[in-house]
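Residue numbers start from 1 in every chain, and the chains themselves are labelled A, B, ... in the order their sequence lines are given, proteins ahead of strands.
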4 protein chains.
Amino acid sequence: MTQPSAPPVGKTLWAIAEGYIPGDSTGSGRAFESHETACLLNAGDRDAHVRITLFFKDREPVGPYEVTVQARRTLHMRFNDLRTPAPVPRDTDYASVFVSDEPIVVQHTRLDSRQQALALLSTVAFGQ
Amino acid sequence: MTQPSAPPVGKTLWAIAEGYIPGDSTGSGRAFESHETACLLNAGDRDAHVRITLFFKDREPVGPYEVTVQARRTLHMRFNDLRTPAPVPRDTDYASVFVSDEPIVVQHTRLDSRQQALALLSTVAFGQ
Amino acid sequence: MTQPSAPPVGKTLWAIAEGYIPGDSTGSGRAFESHETACLLNAGDRDAHVRITLFFKDREPVGPYEVTVQARRTLHMRFNDLRTPAPVPRDTDYASVFVSDEPIVVQHTRLDSRQQALALLSTVAFGQ
Amino acid sequence: MTQPSAPPVGKTLWAIAEGYIPGDSTGSGRAFESHETACLLNAGDRDAHVRITLFFKDREPVGPYEVTVQARRTLHMRFNDLRTPAPVPRDTDYASVFVSDEPIVVQHTRLDSRQQALALLSTVAFGQ
């Protein structure tokens, strides 16, 4: 397999206005647990250091959460897994802003398994 | 928990061309009621005053609906909850335009529970 | 109810690369028939005349389909309903390009009722 | 049927940060097999040669996959069908970058049939 060079792609500031992790799940195993994901793509040749801030309805923002997306890698980060500085509350509206030191692409996805039938949503985040 | 400073993010004019609140729901409780939401994020340090106009297929626009998104907060606004100047009719096609005095980000989501299995859609609105 | 003035919003060229009308439905009535919709918003004060071209995998494009979105109105146009110059084939991949003489906003939605549980997708189209 | 001329539409660099082909399906036949699709639209008058690179969490990128979207055609390409230089692993996070020599539009869709009820997601890719 060849290792192709990729052009720089993306932006350094992204926002996801929708955020909500359902507290319930009906599936078994991690794949079917209700979750929200920010899919981060770093197609460049330098590691991207990303600082994430969470916004809420009625309290001050929390952050920064710090993640690194290595060069030429994608990181599908579950908000469910964030721990530092604080876990993300369930059944609570939130939003998120991503600031990266390298261009990245951010896409938002939710898998909702509160009912036995899965529901999915996805959208490219707002980048500027 | 620290209170990080966030860069200004977003635009002041947004549009959602899709709008439809299903008249029926099968779930119990507010979480599972069929609804359409505009998720508004104000990552800046000044309150954002937003004026919303609704457009219809065969009558003049209705508005403005006025909402405030406080500084450093997100507001997940259900169209179902709008009351003034008029509630949003169910089972009716509509669209919406948001004009804000501060930069915000707008994302559109529908939870449809007409059937027992949830269906979800979401997209970042059109910003300019 | 007041009749607010809205700023011009949108673009005059839009594209939807995804298109697929399922041939089957399980629901009863027009609301639950599997369908694809282009939601068109004309927030301006002049009627928008829109010419739509459909693209396929293995034949020449078909069009233009002509629709008018009146000033200050939204039109949620089902591809299922297009008749002239030709109906849209079911169970067939297609794409669409919209050219308008006034700025509009275009959002794409599919309701899929091939199974008893609804599935939904939506995204703002690509505008330029 | 007429053959309308279409204006050039799209961009030459696109990215999809989300990628995941479920390993399981419950439906019968190709239409209901869990799949991820990149819908490519070439509305122009010259064939578009597209080079696709796949990115992963913990290994080097794979590619280029080469596809041609003929002039005035759409290609709804299933990632499931990619074979050269290597098939796309199932149940694995990935992302993708598309580089085209002609303007195209890229939209991303997943049909998930792991449960008996379909789930759908779709978003226009990130173009620059």
Side-chain angles (χ1 to χ4, degrees), chain B residues 11-20 22-24 26 34 36 51-66 84-87 90-100 106-128, chain C residues 1-11 14 16 26-32 35-45 48 67-78 98 103-113 115-128:
Chain B
K11 304 193 177 188
T12 57
L13 177 57
W14 292 88
I16 301 172
E18 199 277 335
Y20 184 85
D24 294 329
T26 60
S34 290
E36 286 219 315
R51 295 164 66 92
I52 306 167
T53 303
L54 299 189
F55 294 81
F56 297 95
K57 177 184 179 179
D58 49 14
R59 67 189 106 158
E60 285 296 305
V62 174
Y65 298 85
E66 300 184 336
T84 307
R90 267 50 171 178
D91 292 325
T92 302
D93 294 336
Y94 68 96
S96 50
V97 169
F98 299 70
V99 181
S100 173
V106 178
Q107 185 169 341
H108 169 229
T109 303
R110 190 205 296 170
L111 181 148
D112 191 322
S113 65
R114 286 177 290 184
Q115 309 284 14
Q116 291 199 330
L118 293 183
L120 291 172
L121 64 80
S122 187
T123 184
V124 170
F126 171 78
Q128 79 179 21
Chain C
M1 285 179 215
T2 60
Q3 177 183 332
S5 67
V9 54
K11 303 193 177 189
W14 292 89
I16 301 172
T26 60
S28 66
R30 180 173 165 87
F32 289 105
H35 61 269
E36 286 221 313
T37 300
C39 299
L40 312 179
L41 168 61
N42 176 9
D45 287 325
V67 299
T68 297
V69 190
Q70 289 180 284
R72 300 181 301 281
R73 295 291 185 276
T74 185
L75 175 63
H76 293 196
M77 183 204 82
R78 288 196 186 189
F98 298 72
I104 59 173
V105 178
V106 178
Q107 186 168 342
H108 170 228
T109 303
R110 190 205 296 170
L111 181 147
D112 191 322
S113 65
Q115 309 283 14
Q116 289 199 330
L118 293 183
L120 291 172
L121 64 81
S122 187
T123 183
V124 170
F126 171 78
Q128 78 178 21

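Closest heavy-atom contact between B:L13 and C:P8: CD2-O, 3.8 Å. Between B:A17 and C:H76, the closest heavy-atom pair is O-NE2, 2.9 Å. Annotation for B:A125 and C:V124: closest pair C-CG2, 4.1 Å, computed over non-hydrogen atoms. Shortest non-hydrogen contact noted between C:R72 and B:P61 is CB-CG, 3.7 Å.
For a residue to count as touching a neighbouring chain, one of its non-hydrogen atoms must lie under 4.5 Å from one of that chain's; by this rule C:T109 touches chain B with the side chain only. Contacts between B:D91 and chain C at a heavy-atom distance below 4.5 Å are absent for every atom of the residue. Interface residue B:F126: backbone and side-chain heavy atoms are both found under 4.5 Å from chain C.
Not a single donor-acceptor pair under 3.5 Å links the side chain of B:H108 to the backbone N or O of C:T123. Distance alone, capped at 3.5 Å, places no donor-acceptor pair between the B:E18 side chain and the C:Q107 backbone. A donor-acceptor pair is defined here as one N or O able to donate and one able to accept, closer than 3.5 Å; no such pair exists between the side chain of C:R73 and the backbone of B:F55.
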Can C:L41 and B:V97 be said to form a side-chain contact (heavy atoms from CB on, under 4.5 Å), step by step? CA-CA 9 Å; C:L41 168 61; B:V97 169; 3.8 Å; yes
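Here the straight-line distance linking atom NZ of B:K57 with atom OG1 of C:T74 works out to 10.5 Å at 0.5 Å rounding.
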